[in-house]
Amino acid sequence: MSKRFETLQTVVSHDNTYASGYARTTKLTQRVEDLNNWARRGYEVRHTRTFTLDDTEVYIDDLVKDPDAPL
């Protein structure tokens, strides 16, 4: 039984000006879409680290996939 590990980094901008059409839901949608793309490939999130910088939020996710698991 073997497992495959990957790391995903997502950088989300904090541009909250009216002109940018910023909304918290937009940030969440971008993030969920990222994770769903990996889930479609059979990966599961094992651990997430979040860093908040001046103008961005950085998510680093550890993902794991069991290639022997039934679909």
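Atom set for the values below is all heavy atoms of this structure, side chains included, hydrogens, waters and symmetry mates excluded.
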Are Leu53 and Ile60 in one and the same hydrophobic cluster, where Ile, Leu, Val, Met, Phe, Trp and Tyr link if side-chain heavy atoms are under 4.5 Å apart? yes

Could you state whether Tyr43 and Phe5 fall into the same hydrophobic cluster, counting links through intermediate Ile, Leu, Val, Met, Phe, Trp or Tyr residues with side-chain heavy atoms under 4.5 angstrom apart? no

With rounding to the nearest 0.5 Å, note down the distance linking CD in Glu6 to CG in Asp62. 10.5 Å

How far does CG of Asp34 sit from CG of Leu8, to the nearest 0.5 angstrom? 5.0 Å

Determine the minimum heavy-atom distance between Gln30 and Val11, stating which atoms define it. NE2-O, 3.8 Å

Roughly how far apart are Arg46 CZ and Asp61 CG, rounded to 0.5 Å? 13.0 Å

Once you round to the nearest 0.5 Å, how far does CG of Leu63 lie from NE2 of His47? 12.0 Å

To the closest 0.5 Å, what do you measure between OG1 (Thr10) and CD (Glu33)? 10.5 Å

Check: Lys65 side chain, Arg41 main-chain N or O, donor-acceptor pair, under 3.5 Å: yes

Minimum-distance pair of heavy atoms, taken over all atoms of Ser2 and Pro67: O-CD, 3.0 Å

If hydrophobic clusters are built by linking Ile, Leu, Val, Met, Phe, Trp and Tyr wherever their side-chain heavy atoms come under 4.5 Å apart, do Val45 and Val64 end up in the same one? no

Please round to the nearest 0.5 Å and tell me the distance separating atom OH of Tyr59 and atom CZ of Arg31. 5.5 Å

